[in-house]
Amino acid sequence: MARPRSYRVELTKDECKAICRLQKKNPSSNAKTRYAIILAADENQSRKEILTYQEIADQSGASVPTVIDTLKKYCSEGLAKAVTPVRNPNSNTARLKATGDVEAKIIAQACKSALEGYSRWTVSLLTAECAVILEEPVSRATIGRVLKRNEIRPHLSAYWCIPPEEDAEFVANMEDILDIYQQPYNPRYPLWCMDEKPYQILGECREPIPMKPGSVEKIDSEYIRNGTVSIFCFIQPHTGQIVHFVEETRTAVDWAEKIRYLVDVIAPDAEKITLVMDNLNTHKIASLL
């Protein structure tokens, strides 16, 4: 037998309209559900029987305890209290948000070196450390959201050219390259950049399982080695033109052949070509002799 209703709601047409407007404007899904509970419980609507708590729950998409809590507060404390549930300050839900001051401390801690014995910060490790340094601990989910929102990814790193401190030669070379990049495009004096990279040719041991709705493509972790190749690539920054080659090796002879192709085929009408590249041991004048 359905539980009889102890809390009754009777709304005027103006009150119904006002609640509907508030429901549309409120961004909180929790508040929207509680507004729907109050509207569903209205006894002035044209229905033959008064809805039970379970029927209100089914109609509003809430649980029966939420329905009872909402109607109880609406009848005793008003609409504002009914749609704003009070959280237990010790619950995880109450600790889902971090103030600006707390967020700044989390970011500062994540940007420091990890604790001794650890190679990097994890969300769980940060959560445990923040429980010590913060006056009120925050949840693991909050730590994760702070890191994501501020694009802090302790699990990632990037290789970069970090110059030695007070290295005048490095700074001078860097300024020369930047000056070259700022020069306007001139087809008679084109600028080209080049680089090369070894690449593994891998084959599948087993046929991948194609993706389908709700499931990503699945590729077996085992693979077949089919050797390696070297990819040579020329890029012209001003025009975006890209020319690439695939070779079995990347010897001095291979590099010299690509320079010859650049001069004779790609830019045969150029009076002078400015070539920007790294200082690999094959990138020497001697390789062209």
Side-chain angles (χ1 to χ4, degrees), residues 27 29 61 92-93 96 98 103 106-107 109-115 117-130 138-162 181 192-262 265-266 275-283 287:
S29 58
N92 285 336
T93 306
L96 289 179
E103 184 167 324
I106 295 172
I107 294 172
Q109 189 63 36
C111 292
K112 295 179 181 178
S113 299
L115 298 177
Y118 295 87
S119 60
R120 60 179 177 82
W121 287 108
T122 64
V123 177
S124 297
L125 190 60
L126 272 173
T127 303
E129 185 65 15
C130 288
V138 293
S139 67
R140 184 180 187 280
T142 302
I143 299 287
R145 277 196 299 274
V146 170
L147 297 180
K148 183 177 181 180
R149 183 165 56 248
N150 292 278
E151 298 184 356
I152 298 175
R153 294 172 284 185
H155 63 292
L156 297 179
S157 59
Y159 287 94
W160 203 257
C161 181
I162 304 176
Y181 283 151
W192 283 90
C193 303
M194 73 84 55
D195 202 358
E196 56 206 78
K197 177 183 179 181
Y199 194 83
Q200 289 191 83
I201 304 176
L202 305 179
E204 303 290 351
C205 290
R206 299 170 185 83
E207 191 70 21
I209 301 175
M211 66 176 177
K212 59 183 180 180
S215 178
V216 298
E217 180 184 19
K218 296 178 176 62
I219 301 175
D220 196 275
S221 58
E222 188 177 357
Y223 56 85
I224 301 173
R225 287 181 178 272
N226 293 321
T228 60
V229 295
S230 290
I231 301 175
F232 292 79
C233 186
F234 288 92
I235 301 176
Q236 191 173 50
H238 292 100
T239 64
Q241 183 181 358
I242 299 176
V243 182
H244 62 273
F245 311 88
V246 179
E247 300 290 348
E248 292 184 0
T249 58
R250 55 168 184 167
T251 64
V253 174
D254 294 320
W255 179 77
E257 284 294 327
K258 302 304 171 290
I259 298 301
R260 181 195 61 78
Y261 189 88
L262 172 65
V265 180
I266 300 177
L275 184 61
V276 176
M277 55 188 174
D278 60 20
N279 55 357
L280 189 66
N281 60 344
T282 58
H283 299 171
S287 300

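A 4.5 Å side-chain heavy-atom check between Val243 and Phe232 finds every atom pair outside the cut-off. Side-chain contact between Phe245 and Glu257: absent, with no pair of heavy atoms (C-beta onward) separated by less than 4.5 Å. The shortest side-chain heavy-atom distance between Trp192 and Ile266 falls under the 4.5 Å cut-off. Taking the side chain as every heavy atom from C-beta outward, Cys233 and Asp195 never approach each other to under 4.5 Å. The side-chain heavy atoms of Cys130 and Ile143, taken from C-beta on, include a pair separated by under 4.5 Å. The shortest side-chain heavy-atom distance between Cys193 and Tyr181 falls under the 4.5 Å cut-off. Between Ile106 and Asn150 the shortest side-chain heavy-atom distance does not fall below 4.5 Å. In this structure, the side chains of Leu275 and Ile259 come closer than 4.5 Å at one or more pairs of heavy atoms.
Shown here for Leu125 and Arg120, the closest heavy-atom pair between the two residues is CD2-O, 4.0 Å. Considering every non-hydrogen atom in both Trp255 and Thr282, the closest pair reads CE3-O, 3.3 Å. Between Pro208 and Glu204, the closest heavy-atom pair is CG-CD, 4.1 Å.
A distance of 13.5 Å separates CZ of Arg206 from CD1 of Ile219, quoted to the nearest 0.5 Å. From Leu126, atom CG reaches atom CD1 of Ile152 across 9.0 Å, with rounding to the nearest 0.5 Å.
With respect to the salt-bridge test (charged N to carboxylate O, under 4.0 angstrom), the residues Lys258 and Glu196 do not qualify.
Within 6.0 Å of the CD atom in Glu217, the count of heavy atoms belonging to other residues, nucleotides or ligands exceeds 12.
Looking at Trp121, its side chain never comes within 3.5 Å of a backbone N or O of Cys111 through a donor-acceptor pair.
Aromatic ring centres of Tyr261 and Phe234: separated by at least 6.0 Å.
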